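To keep things clear, I will list the structure first and then write my remarks on it.
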Amino acid sequence: MSAPLTMAKALNEGLRKAMESDDKVVIMGEDVGKLGGVFRITDGLQKGFGEDRVIDTPLAEAGIIGTAVGLAIRGYRPVCEIQFDGFVFPGFDQIVNQVAKFHNRSAGLVRMPITIRIPSGGGIGAVEHHSESVETYFAHTAGLKVVACSNASDAYWMIQDAIADDDPVIFIEPKRLYHGAKADIAAQPTPLDQARIVRPGQHVTVVGYAGTVATLLESAAAAAEDGIELEVIDLRSVSPLDMTTVLESVQRTGRLIVVHEAPRSFGVGAELAARVTEAAFYSLEAPVLRVTGYDTQYPPSRLEHEWLPNLDRVLDAVDKIMEY
């Protein structure tokens with residue numbers, strides 16, 4: 001693509017490309033048609049592809065996901081939009097008991113090529129149910145892939161790869177980045193399940209995904225002024241985890257900090273800490289540290305800047321880990 005795009009526009013173009021490439025791709029969700037979605041990600045798609053392929057559904061997440069299961073059985077590739085992260089829970093039963101299990105239950109006879117798009121995370125001045133980080137619920141469920149984009153280029157390519165995948169994909173979109181800075185679209189995609197080093201460094205590996213990657217890059221720039229070079233890794237895939245990229249980095253730096261918006265306990269950071277400790281214990285020069293949301297419900301909007309991982313909290317962790 002010649003012109004830089006916002007993440008919202010990149011997702012829109014990625015969806016359009018997938019629909020042009022395969023007439024079995026259908027989009028479903030609340031207000032995705034005439035309105036173009038609450039964040040306008042599907043803007044113009046119903047006009048271009050018709051009401052049979054971009055379907056405005058009732059306010060019924062269980063019905064949306066259940067219908068997608070039926071469509072997948074009949075050979076379609078449904079793309080379900082969940083309007084806000086916290087709204088996914090009425091469809092949770094269908095996702096974990098039908099979408100995730102159908103391929104295994106049918107002894108491999110039936111695929112579930114369903115993509116479930118979830119605008120995720122905080123940073124937009126919203127309240128609970130509109131600022132949740134739900135990835136760990138689904139990463140814990142066998143049969144689901146969970147991926148998260150952090151920039152426009154990945155958004156464009158990853159949504160197409162998710163739709164083309166024969167297995168179900170939970171597609172996490174950081175809503176606070178939808179309409180932010182524009183970026184160029186890479187000529188070729190990075191594989192869907194592969195992490196990427198977005199800034200090389202030699203002193204500390206810092207790993208994040210979705211909305212936290214921008215915070216990590218900001219932190220790396222600040223730390224460099226003090227002579228500390230952070231190696232920033234965009235995880236991109238929460239399940240499966242690309243441990244090869246993470247471990248190779250930790251073996252070079254000897255230190256690891258994991259950053260995510262979701263609460264601290266039982267999160268992706270804990271999983272990464274355990275795996276790195278098991279596989280690279282003798283490379284570590286300090287304990288693995290985590291900078292995360294808190295083990296509380298999401299706060300009122302006036303307090304969310306204190307709740308979310310930010311520059312100061314990441315740099316505090318960097319100072320602490322460098323003391324070992």
Side-chain angles (χ1 to χ4, degrees), residues 7-8 10-15 17-18 25 27 29 39 41 65 68 72 77-82 85 88 91-92 95-96 99-100 103 111-121 132-178 183 185-186 188-198 207-214 216 232-246 258-262 267-269 271-272 275:
M7 180 179 286
L11 285 165
N12 180 275
E13 291 297 327
L15 289 167
K17 184 71 173 177
V25 176
I27 294 175
F39 294 104
I41 306 303
I65 305 301
R77 293 184 177 271
V79 181
C80 303
E81 177 179 298
I82 303 299
D85 31 44
V88 74
F92 191 81
I95 295 171
V96 302
V99 175
H103 184 215
R111 292 281 189 176
M112 284 283 112
I114 299 173
T115 302
I116 301 173
R117 295 181 40 245
I118 306 178
S120 182
E132 308 278 1
S133 296
V134 299
E135 59 271 14
T136 306
Y137 292 105
F138 300 111
H140 186 71
T141 303
L144 298 176
K145 296 180 180 180
V146 183
V147 302
C149 56
S150 70
N151 59 77
S153 183
D154 269 352
Y156 175 76
W157 288 113
M158 289 173 71
I159 191 62
Q160 295 180 66
D161 288 345
I163 293 169
D165 201 307
D166 283 336
D167 290 318
V169 178
I170 305 295
F171 196 90
I172 302 295
E173 302 168 5
K175 65 175 82 75
R176 61 171 151 154
L177 301 184
Y178 273 149
I185 305 301
Q188 296 292 331
T190 301
L192 192 63
D193 59 356
Q194 183 175 311
R196 184 173 62 244
I197 296 173
V198 294
V207 176
Y209 54 91
T212 63
V213 176
L216 296 185
V232 179
I233 296 179
D234 181 355
L235 203 58
R236 299 179 76 252
S237 176
V238 174
S239 181
L241 286 168
D242 176 8
M243 291 307 301
T244 300
T245 299
V246 175
V258 187
V259 182
H260 56 70
E261 289 188 29
V268 176
E271 181 65 26
L272 277 170
R275 293 198 193 188

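Nothing here was measured: the structure is a model prediction, and the numbers come from that model.
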- prompt: Do T245 and L235 have side-chain heavy atoms sitting under 4.5 Å apart?
  reply: no
task: Kindly write out the residues that satisfy side-chain contact (heavy atoms from CB on, under 4.5 Å) with A183, not counting sequence neighbours, or none if the list is empty.
output: A152
message: If we ignore hydrogens and angles and just use 3.5 Å, is the side chain of D242 paired with the main-chain N or O of Q194 as donor and acceptor?
response: no
task: Any chance you could lay out the side chain to side chain contact (heavy atoms under 4.5 Å, CB included) test for E81 and I27, step after step, and finish with the verdict?
output: CA-CA 8 Å; E81 177 179 298; I27 294 175; 5.6 Å; no
query: How far apart are the C-alpha atoms of I116 and I118, what are their side-chain angles, what is the distance that settles it, and do they pass the side chain to side chain contact (heavy atoms under 4.5 Å, CB included) test?
result: CA-CA 6 Å; I116 301 173; I118 306 178; 4.1 Å; yes
query: Within the distance-only criterion (no hydrogens, no angle test), does the side chain of W157 pair as donor or acceptor with the backbone N or O of T190 below 3.5 angstrom?
result: no
- prompt: Is there a side-chain contact between D234 and Y209, using heavy atoms and a 4.5 Å cut-off?
  reply: yes
query: How about D166 and M112: do any of their side-chain heavy atoms sit closer than 4.5 Å?
result: no
Flag side-chain contact, heavy atom, 4.5 Å: I170 against E135: no
message: Applying side chain to side chain donor-acceptor pair (under 3.5 Å), can you list everything that pairs with R275, at least two apart in sequence or on another chain?
response: E271
Residue list, side chain to side chain donor-acceptor pair (under 3.5 Å) with D165, at least two apart or on another chain: K145
message: Within the structure provided, determine whether N151 and V213 are in side-chain contact (heavy-atom separation under 4.5 Å).
response: no
message: In the structure I gave you, are the side-chain heavy atoms of R77 and I114 within less than 4.5 Å of one another anywhere?
response: no
- request: Using a 4.5 Å cut-off on heavy atoms from C-beta on, say whether the side chain of V259 contacts that of L216.
  value: yes
Contacts of A214 that satisfy side-chain contact (heavy atoms from CB on, under 4.5 Å) - sequence neighbours left out: none
- prompt: How many angstroms lie between NZ in K17 and CG in N12, if you round to the nearest 0.5 Å?
  reply: 14.0 Å
field: R196 and D154 ion-paired at < 4.0 Å
entry: yes
field: D193: side chain to side chain donor-acceptor pair (under 3.5 Å) partners, not counting sequence neighbours
entry: none
- request: Report the C-alpha distance between E173 and M158 in whole Å, list the side-chain angles of each, state the deciding distance to 0.1 Å, and finish with yes or no for side chain to side chain contact (heavy atoms under 4.5 Å, CB included).
  value: CA-CA 11 Å; E173 302 168 5; M158 289 173 71; over 6 Å; no
message: Treating T115 as the side-chain partner and P168 as the backbone partner, does any N or O pair qualify as donor plus acceptor under 3.5 Å?
response: no
message: I need the I172 CD1 to F138 CZ distance, nearest 0.5 Å.
response: 7.5 Å
- line: With sequence neighbours left out, the residues meeting side chain to side chain donor-acceptor pair (under 3.5 Å) with Y137 are none
query: Side chains of L11 and F171: closer than 4.5 Å at any heavy-atom pair?
result: yes
